[in-house]
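Here the structure is laid out as structure tokens; the discussion comes afterwards.
Sequence lines set the chain letters: A, B, ... in the order given, protein chains first and strands last, and positions in each chain run from 1. Source: prediction; values computed, not measured.
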Amino acid sequence: MAGSIEQLNIKQFQNDLLHWFTNEQRDLPWRKDQDPYKVWVSEIMLQQTRVDTVIPYFNRFIENFPTIEKLAEADEENVLKAWEGLGYYSRVRNLQAAVKEVHESYGGVVPNTPEEIKKLKGVGPYTAGAILSIAYGVPEPAVDGNVMRVLSRILLIWDDIAKASSRKVFEEAVRSIISHENPSYFNQALMELGALICTPTSPSCLLCPVREHCQAFHEGVQDQLPVKTKKKSTRHVELVAAVLKDHQGRYLIHKRPEQGLLANLWEFPTVEKSKLIKPKDILQDFMKHEYDIHIQLDKTSFTAIPHVFSHLTWDIEAYSGTIENEVKEAGNMKLVTAEELTNYAFPVSYQKMWKAYLESVKEN
DNA sequence: AACGCGGGGCT
DNA sequence: AGCCCAGCGTT
């Protein structure tokens, strides 16, 4: 049976939801004030990322870049370093680009209209609504995964939330039930409810402050919602990499391309394996022909790094070795000391590799 | 509309 | 071994 908004006592629902959020909301660092810049930073970090993961990153990031002006003027390398390990690195490149735009074109004031704020890089429908409602009290929907799950249950909406078109259904639902007295709390409460009570599996309906309003609970189908089709599985890539030291004890690092996977992050020289050629030979030939760097690799690899992304899996076999000739440093190829190396942003897989390398050196 | 894009924690 | 997470940009 299809649900409907007509069956919802909107005023009572708002009261119950806002009362619960007022009393039960978590004490989070980005809730200490409503500075649009801090709300913005937190919302970008929270995209596809859990609250517990974000908290330490948010605190460090605001310490390093406390204002729009500071972030606008910061060195991109340092900004990326502050994001290291958080994932989806294009988020922070877009954030800095957008902050520069606000700094230069809006006098440093985050715009407060849907039309203007959505033009900013990295600010889509969700983030626009979140900033507008939380920082400025504008009654715009902020529909994320939590909100779709919660409302699919309360309003008995059976649309497939994996489809992009479904978001509009939920946005219209929010428009018709959002509190105009407190849009900020209303949007945050829906998300907080999704995070604490109305969870993906085994929701805590008996603790739910809006259980009386929930059509899925009424019909006993809360476990069948939301409807979400699964996506296909990941592909697998085999790589070989090397931690290479020159005769002065410096290490060779390579900057990844500015587009695609792990864009602009640093790595140890890496190539994809091939069926016909031995991994060490592939790496040696690649370094020689691509960069004119002659290397000598140790007999056996010191570690193997398995790494799971959302859409693919890496297996990296890692060797240590030495550089035998003079290296011409280019923009994307650098020799750095072990200490300098810590100033560059590496993907987690290469952080693990470096750690394993240091351990292997310690043993010998 | 579908896909690429990180990393970690839970079931 | 998937699934999910305070999604967005590109194609």
Side-chain angles (χ1 to χ4, degrees), chain A residues 21 25-26 28 30-31 39-58 80 83-95 97-98 117-134 141-150 160-168 170-171 174 184 186-196 198-203 223 226 228-237 256-265 305-314 345-352:
Chain A
F21 183 72
Q25 64 173 289
R26 290 169 289 180
L28 301 174
W30 46 90
R31 286 180 177 162
V39 172
W40 185 5
V41 170
S42 73
E43 291 302 339
I44 300 297
M45 286 189 172
L46 286 162
Q47 289 170 7
Q48 299 291 286
T49 312
R50 286 167 203 286
V51 165
D52 290 340
T53 304
V54 166
I55 290 173
Y57 279 93
F58 176 82
L80 211 46
W83 208 268
E84 183 187 51
L86 197 52
Y88 286 145
Y89 299 95
S90 67
R91 288 185 293 177
V92 75
R93 293 204 302 149
N94 288 336
L95 174 63
I117 203 166
K118 275 182 198 157
K119 284 185 199 157
L120 298 172
K121 250 184 208 160
V123 178
Y126 163 76
T127 305
I131 298 173
L132 290 172
S133 62
I134 297 171
V143 173
D144 70 340
N146 284 312
V147 172
M148 288 196 281
R149 182 173 61 257
V150 168
D160 181 359
I161 67 168
K163 290 185 184 300
S165 56
S166 297
R167 201 195 66 246
K168 291 184 186 300
F170 291 93
E171 283 176 352
V174 170
S184 166
F186 185 89
N187 280 340
Q188 291 187 75
L190 282 183
M191 294 188 269
E192 194 86 339
L193 191 66
L196 300 181
C198 196
T199 49
T201 57
S202 52
D223 289 318
K228 187 173 189 181
T229 55
K230 4 188 174 292
K231 42 189 167 188
K232 55 179 188 194
S233 59
T234 59
R235 67 194 176 90
H236 193 84
V237 178
R256 297 176 58 86
E258 59 182 60
Q259 296 215 337
L261 184 64
L262 302 166
N264 278 1
L265 271 72
I305 308 284
H307 197 76
V308 179
F309 298 91
S310 47
H311 58 301
L312 83 144
T313 302
W314 273 359
F346 286 80
V348 167
S349 47
Y350 290 91
Q351 295 175 41
K352 289 177 181 167

Can you tell me how far [atom2] of [N] sits from [atom1] of [X], to the nearest Å?
X	N	atom1	atom2	answer
A:Lys163	B:dC3	NZ	C1'	14 Å
A:Arg149	C:dG7	CZ	P	10 Å
A:Ile161	C:dA6	CD1	C1'	14 Å
A:Asp144	C:dC5	CG	C1'	9 Å
A:Ile131	C:dA6	CD1	C1'	12 Å
A:Arg93	C:dG9	CZ	P	13 Å
A:Lys121	C:dG7	NZ	C1'	17 Å
A:Asp223	C:dC4	CG	C1'	16 Å

Practice task
Applying side chain to side chain contact (heavy atoms under 4.5 Å, CB included), name anything that partners A:Met45, two or more places apart in sequence or on another chain.
Solution key: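 Once residues adjacent in sequence are excluded, the partners of A:Met45 under the side chain to side chain contact (heavy atoms under 4.5 Å, CB included) criterion are A:Val41, A:Val54, A:Tyr57, A:Phe58, A:Phe61, A:Trp83, A:Leu86.
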Practice task
Using a 4.0 Å cut-off on protein heavy atoms (strictly under), produce a 5'-to-3' string for nucleotides 4-11 of chain B with B for base contact, S for backbone-only sugar-phosphate contact, and - for none.
Solution key: SBBBBB--
Problem - Pairwise side-chain contact, A:Leu80 with A:Glu84, heavy-atom cut-off 4.5 Å (strictly under) - result: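 A:Leu80 does not reach A:Glu84 side chain to side chain.
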Exercise for the section: Taking the side chain as every heavy atom from C-beta outward, state whether A:Leu132 and A:Lys118 have any atom pair closer than 4.5 Å. Expected result: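 No, every pair of side-chain atoms sits at 4.5 Å or beyond.
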Span that lies between the [atom1] atom of [M] and that of [N], in whole angstrom:
N	M	atom1	value
B:dG6	C:dT10	P	14 Å
B:dA1	C:dC5	C1'	22 Å
C:dA6	B:dC5	P	23 Å

So [X], base contact, sugar-phosphate only, or nothing? Heavy-atom distance under 4.0 Å.
X	value
A:Val123	sugar-phosphate
A:Ser42	nothing
A:Arg256	nothing

Practice task
Give me the ring orientation class for A:Trp314 and A:His307: parallel if the planes are under 30° apart, tilted from 30 to 60°, perpendicular past 60°.
Solution key: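 Tilted: the ring planes of A:Trp314 and A:His307 meet at 30° to 60°.
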Exercise for the section: Output all residues satisfying salt bridge (Lys or Arg N to Asp or Glu O under 4.0 Å) with A:Arg93, sequence neighbours left out; order by chain, then residue number. Expected result: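 If we apply the salt bridge (Lys or Arg N to Asp or Glu O under 4.0 Å) test to A:Arg93, skipping adjacent residues, there are no hits.
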Exercise for the section: For A:Leu120 and for A:Glu43, locate the closest nucleotide of DNA chain C by heavy-atom distance; then report the residue assigned to the nucleotide nearer the 5' terminus. Expected result: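 The residue mapped nearer the 5' terminus is A:Glu43.
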Practice task
Would you kindly compare A:Lys118 and A:Lys228 by the position of their nearest DNA chain C nucleotide and give the one closer to the 5′ end?
Solution key: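 In this pair, the answer is A:Lys228.
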Exercise for the section: Count the heavy atoms of every other residue, nucleotide or ligand shown that sit under 6.0 Å from CZ of A:Arg235, and state whether that count exceeds 12. Expected result: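 Counting other residues, nucleotides and ligands, CZ of A:Arg235 stays at 12 neighbours or fewer.
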Exercise for the section: Could you tell me whether the side chains of A:Tyr126 and A:Glu43 share a donor-acceptor contact shorter than 3.5 Å? Expected result: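 Result is yes, a qualifying pair exists.
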